[in-house]
Each structure stands twice: as C-alpha cells, then as structure tokens.
Amino acid sequence: MVVTRFAPSPTGYLHIGGLRTALFSWLWARKNGGRFLLRIEDTDLSRNSDEALAAILEAFDWVGLDYDGDVVYQSQRFDLYKQYIDRLLEEGKAYKCYMSKEELDALRAEQMARGERPRYDGRYRDFTGTPPEGVAPVIRIKAPREGEIVFEDGVKGEIRIAASEVDDFIIARSDGTPTYNFVVAVDDALMGLTDVIRGDDHLYNTPKQLVVYEALGFTPPRFYHVPMIHNEQGRKLSKRDGAMDVMEYKRQGFLPEALLNFLVRLGWSHGDQEIFSREEMLEWFDPHDINKSASSYNLDKLLWLNAHYIKNTPNEKLAKLLEEFGVHIADHDRMEFLLDATKERSKTLVELADHIRMILERPAEYDPKAAKKAFKGEALSILRAFAEKLESSEGLHLPSDYHKVMETFVTEQEIGFGKLGQPLRVALLGKMTGPGMDEVMAILGVEETVARIGEAIERIGAEQS
RNA sequence: GGCCCCUUCAUCUAGCGGUUAGGAUUCCAGGUUUUCAUCCUGGCCACAGGAGUUCGAGUCUCCUAGGGGUCACCA
C-alpha cells in the first residue's frame, strides 16, 4: 500500500511548484492503487486564510487531482498533538524551556557575533531547579547531541546531517500550540504515510522530523525531495514568472492537461517522450526517476504543449471551454468549421476566442496596409464578379464546396489564386492573415460573405477613388 | 558565514565506462499553404573548470568555481 499526501499551509494560493509535488504524489499513489491524502497545515492560527484554502481546493478540482477521505486540518487536532507532547515530557524525551524570547535573541546575537551558527544551547535540557517566575515555557524535544542523522532520500540518495546541526527545537510554543516539524511527523505517522514527496526546501526539516519519529517510536516513511522550479533566469520563482496562482493559468487560457504535462516533464522524463496522457503518466511515473537538479520554468514549452492539446481537443469540448472566454458557439450550426479553422493557430483559449471573434464579427476596420496592397488594380471588379458567382452557385456548404467555386472562378477569369484570395481575405477579415477563405466562407455562408464583400468595396473602394 | 544539495545545447531532458553525445522547445533555412498558423524536412547550439582512477570518463573520486536550499515560539 502506498500512501502519499499533499500538505499545504493555507497562507497563499497554490502555485505550480506546489502543484507539481501534488501531481507527483498523486501519480505515485494512484499508480500503486494507494491513497492520496490532503492535509492542511494550519497550526499557526494567525496566518490562516479561508480564501487560500478555497483556492487550493479549486485548483485541485480544475486539474482533476482527487484526494481520498476528508481533508485533515491540523488546527482541529491540537488535543491529539498535546497527548504526544505530554507523553514525551513524561518520558523525559522533551522538556520545558524557560528561556524568554529576549534571552534567546540575545544568545543568537552573541553566537552570530562570534561567527557561530545560531543554536539553542540546551541550558534547560536537564534543568531540575525552580523555574523563573512569570515565564511561560516552550517545550523542546531532545535531539541527539552527537553522531549524525542519516536517511535515504529517494531522489537525492543518502543524506547525512551532523547531530550538531539539529538543536533541541521547539515542539510547542509558550501558548501551548504545537509547531510544524512536530505535527508533520506525528500526522505523517498517524495517517499512515509510506512516501513523502515534497519540495527540497524541506530537506533540512527531515532530520528534525526524524528526531520526532525516533522519540515517539514511529517508523519513518520514504522521503523524496523534489528540486525546486526556478524562473527562466535560473533564480527563485516569483509571481512575475510563473509562481502565480494555478487558477491564473486557467484564466490565461491554458488547458489543465497541458499544464500537468508541462509540470510532469520538469525534473522527470521517460526517454524521449514529451506528450503524456494521464494514463501514460500513471504508467511510467516513478519518484526514483526524479532529477536531482532544479529546473527552470519555460513558458515557450508550456505554450507549445497547450497548442498541442488545443489542436487535439474535440471541438465540442472546446466550445464548452470557450464559454468562459466570452465565446458562445456551442449551438452555432457551423461550430465544427469554426473550430477546425481556428484551433490550429491558437496557443491558448484566449487566442482561440479572439480568432473566432475575428471571423464572426464583421471587420471593424480594414488594415490600411493590407487594404492598399490587396485592393489595387482590378481587385474590385474581381470581387464583384466573385460575389455574383457565389450567389449563382447552388448547394454551398462545406469548405470544399467553396474551394471548388474559387477554383472554377480563377480558371474562368484566368487569374492566379492570389488575385482573388488577397482582396477577398481583406474584405472578409479586414487583414492579410488568417484561416483559409474556403473555411471562412463556409462559416459565414453566401449571404454574409457577399454582404462583407459589398461593404468592403464600398468602404475601401470609396477611400481609394 | 556554517551546513546540505545541485551543475549535459538558451530552456526541458536522454545518457547509467567505449555514442558521429540523442530527443523536445526556442531560433534560423527550405517545403506545403492564395496569406498566417499548423504540418514536413534540414540546420545552429551542450558535457562549468582542473586534477586524478582507467586501455578508455559526460558517466567514478577529489578540488575549484557557480547556482540553489536552510539556519524562527513560519510552514
């Protein structure tokens, strides 16, 4: 049985670094038919935010990561933690420390001044005297004083930390509330975690948590410390370059499958494969294959993946997704033509929506350069003749029908395709680029096509004569 | 600063002692297209540096440099 978890603190939204470790954990649990748990690390009551929690759950829902059982809130388990703290106190594995914050600060300053590493000096470790008046004690756990703490990390290999690096850290604040490293270890053990996959900024917490496991007699899980994601300059990810709310990717028109595919390939690979369906991720993912080094966020690759997934998403589904971007074409009788004509030239749903609007709405203006170039010489008479040709044709429906009309027209007129295509493009779309004319006409229909040609002749022709 | 981790094209990566160091994104060129995009073909581009070990090192060891993480009554 494999049990993994994602354990965010509700102090901010979910960003892609967190989403990636969540994905890795989810994949590993699901791949093995195990359980994936969600736990909220909200022991610091003053920093919690309901909005942050809601945002995290919303992001999970969007990308389709499901978790087993109820969400566990550490803030609701204080009684439980207290039992374990009391037990450690009774067994002499933890002790009350009456050092005030001021004293601690002073000690730290002193140590720093001597060029030493700030470290609690253990002065109350074996204290038996009368405690000072008026000081609410914190509770510290007894960490080993010599030797080293060794563990096998599934990603980094063997990690050895000298015991001198781990001091008797605080497991309960003076107000009685437990602290992070203590509750993480207790919960991971109690929740039956077998594999902890987390960011490698937690690497240094692991020896501390192992101290708790040891003191409580719990069996530690396997640890996998996943390297960070850096920005495109190789520095720490900030909001500017991708550390934004995962939901922001949705708003910017990314597909969850693209984002997940992008993230799974950051620090992990399977041979030369770039495109992974969810099934393939489940098939091949293994945390032991995660790279040791940090990787950089690369927007170009994400966009490429997104374009790929847009191209390969069924039109019906795209039409549904486009609702959120102000484009309502689910009931449009030419919905298929519309998306066939636009999905291959869109990197995001935002772009796709723009492209669709550009076809559906009459050109508000004609690009001056394009108009000048396309509407010269006999362009006007060609367009007029083509409009007539369209009106006299029967049974035009498919893009291929329109293509045939164009073909016979240019043959009859003995002109090149461009002589018709360029002015037609400007007349229908107002610019020189875009989908094929046959596709656009199939979407617009004869009536609208002829109307746009007429309008363009009127407006551009008038300007030029 | 102490401790820990990391280091293959600009970027994501393959490589697990013997390869013309492979793929993908970006970029460039050509083809396809009435245009743009897609797509196809091709090209540019890397083992951080230095010592070892070895017949042979991107692969193993050490050193240097660079980057990152961490040193809370935050998580």
Side-chain angles (χ1 to χ4, degrees), chain A residues 7-12 41-44 46-47 74 97 99-101 104-105 108 112 115-120 136-140 153 155-157 159-162 164-167 169-181 183-184 199-207 225 227-228 230 232 234-236 262 265-275 291-305 307-308 311 341-347 351 355 370 374 406 410 415-426 429 431-438:
Chain A
S9 62
T11 51
E41 318 245 295
D42 53 356
T43 50
D44 187 349
S46 63
R47 304 206 327 166
Q74 292 185 322
C97 170
M99 212 171 165
S100 69
K101 275 182 195 170
L104 242 185
D105 288 342
R108 258 197 280 275
M112 300 268 270
E116 288 172 15
R117 176 184 125 74
R119 186 177 192 284
Y120 174 66
V138 297
I139 296 169
R140 293 180 179 270
D153 186 276
V155 173
K156 309 261 186 188
I159 304 287
R160 314 179 76 95
I161 309 278
S164 58
E165 292 295 315
V166 179
D167 58 12
F169 60 94
I170 294 172
I171 59 175
R173 303 181 181 91
S174 48
D175 66 1
T177 58
T179 59
Y180 175 75
N181 281 118
V183 295
V184 167
D200 74 359
D201 49 338
H202 285 288
L203 195 65
Y204 245 57
N205 288 140
T206 308
H225 287 96
M228 305 274 90
H230 290 158
E232 305 198 54
R235 317 215 65 109
K236 194 174 175 180
F262 172 70
R265 280 287 287 99
L266 239 39
W268 177 83
S269 62
H270 180 255
D272 286 341
Q273 190 169 344
E274 295 289 347
I275 306 294
N291 289 158
K292 295 178 173 193
S293 55
S295 40
S296 292
Y297 178 82
N298 180 216
L299 183 61
D300 280 330
K301 191 124 184 202
L302 210 207
L303 284 167
W304 172 73
L305 281 164
H308 169 86
K311 271 179 290 198
T342 50
K343 66 202 276 193
E344 291 203 341
R345 47 193 19 58
S346 307
K347 284 183 156 68
E351 282 183 21
H355 284 134
M406 290 178 80
V410 296
I415 55 174
F417 230 116
K419 284 280 184 196
L420 168 63
Q422 292 202 345
L424 184 59
R425 174 173 301 284
V426 175
L429 301 176
K431 57 195 181 64
M432 288 290 266
T433 61
M437 287 295 94
D438 43 7

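Every chain is numbered from 1, with letters handed out A, B, ... down the list of sequences.
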Nucleotide [N], atom [atom2] - distance to [atom1] of [X] in whole Å:
X: A/I275; N: B/rU13; atom1: CD1; atom2: C1'; value: 14 Å
X: A/L305; N: B/rU26; atom1: CG; atom2: C1'; value: 13 Å
X: A/D300; N: B/rC12; atom1: CG; atom2: P; value: 13 Å
X: A/L266; N: B/rA14; atom1: CG; atom2: P; value: 12 Å
X: A/Q273; N: B/rG15; atom1: CD; atom2: P; value: 14 Å
X: A/H270; N: B/rC16; atom1: NE2; atom2: P; value: 14 Å

Whether A/W268 and A/H270 hold their rings parallel, tilted or perpendicular, with breakpoints at 30° and 60°: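 If you compare the ring of A/W268 with that of A/H270, the planes turn out parallel.
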
Atom [atom1], compared across [N] and [M]: separation rounded to whole Å:
N: B/rG2; M: B/rC60; atom1: P; result: 27 Å
N: B/rU13; M: B/rG30; atom1: C1'; result: 28 Å
N: B/rC12; M: B/rG68; atom1: P; result: 14 Å
N: B/rG58; M: B/rC16; atom1: P; result: 13 Å
N: B/rU54; M: B/rU61; atom1: C1'; result: 12 Å
N: B/rC28; M: B/rC9; atom1: C1'; result: 15 Å
N: B/rU38; M: B/rU33; atom1: C1'; result: 10 Å
N: B/rG31; M: B/rC36; atom1: P; result: 12 Å

Side-chain donor-acceptor contact under 3.5 Å, A/T177 with A/D175: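 Yes, because at least one side-chain N or O of A/T177 sits under 3.5 Å from a partner of the opposite role on A/D175.
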
Any donor-acceptor N/O pair under 3.5 Å between B/rC12 base and A/K301 side chain: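 Check passes, donor-acceptor contact within cut-off.
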
Heavy-atom donor-acceptor pair, A/E274 side-chain to B/rG23 base, under 3.5 Å: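 In this structure, the two groups form a donor-acceptor pair.
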
Atom pair CD/CE of A/Q422 and A/M437 - distance to nearest 0.5 Å: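 A/Q422 CD to A/M437 CE: 11.0 Å, rounded to 0.5 Å.
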
Atom pair NE2/CG of A/H230 and A/N298 - distance to nearest 0.5 Å: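 CG of A/N298 is found 15.0 Å from NE2 of A/H230.
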
Within-4.5 Å side-chain heavy-atom neighbours: A/V184 and A/E41: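 When only atoms from C-beta onward are counted, A/E41 and A/V184 do touch, with a gap below 4.5 Å.
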
So, the side chain of [X] versus the backbone of [Y]: is there a donor-acceptor pair under 3.5 Å, distance only?
X: A/D167; Y: A/Y120; result: yes
X: A/R345; Y: A/E351; result: no
X: A/R173; Y: A/P178; result: yes
X: A/R425; Y: A/P435; result: yes

Nearest-nucleotide pick for A/E165, side chain only, options being B/rU13, B/rC3, B/rU11: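 Output: B/rC3.
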
Presence of A/K292 side-chain N/O under 4.0 Å of B/rC6 phosphate oxygens OP1/OP2: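 So the side-chain polar atoms of A/K292 do come within 4.0 Å of the phosphate oxygens OP1 or OP2 of B/rC6, strictly under.
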
Nearest heavy atoms of A/W304 and A/I275, plus distance in Å: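 For A/W304 and A/I275, the tightest heavy-atom pair comes out as CH2-CD1, 4.1 Å.
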
For A/K292 against A/K156, the heavy-atom pair lying closest together: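 Scanning both residues, the minimum pair turns out to be O-NZ, 3.4 Å.
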
Candidates A/L203, A/T206, A/D200 - the one meeting side-chain contact (heavy atoms from CB on, under 4.5 Å) with A/D153: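 Single side-chain contact (heavy atoms from CB on, under 4.5 Å) partner of A/D153 among A/L203, A/T206, A/D200: A/L203.
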
A/K347 atom NZ, over 12 foreign heavy atoms within 6.0 Å: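 At most 12 heavy atoms, drawn from other residues, nucleotides or ligands, come within 6.0 Å of this atom.
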
B/S/- contact track for nucleotides 68-75 of chain B, protein heavy atom under 4.0 Å: SBSSSBBB

Reading 5' to 3' through nucleotides 34-41 of chain B, protein heavy-atom contacts under 4.0 Å coded B for base, S for sugar-phosphate only, - for none: BBBBBS--

Pair partner, [N] [Watson-Crick or wobble, under 3.5 Å]:
N: B/rG66; answer: B/rC6
N: B/rC45; answer: none
N: B/rU26; answer: none
N: B/rA72; answer: none
N: B/rU38; answer: none

Polar-atom pairs under 3.5 Å, protein N or O versus N or O of nucleotides 57-65 of chain B: list them with distances, or write none.
none

5' precedence on RNA chain B between A/S296 and A/R160 (nearest-nucleotide basis):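 Closer to the 5' end of RNA chain B: A/R160.
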
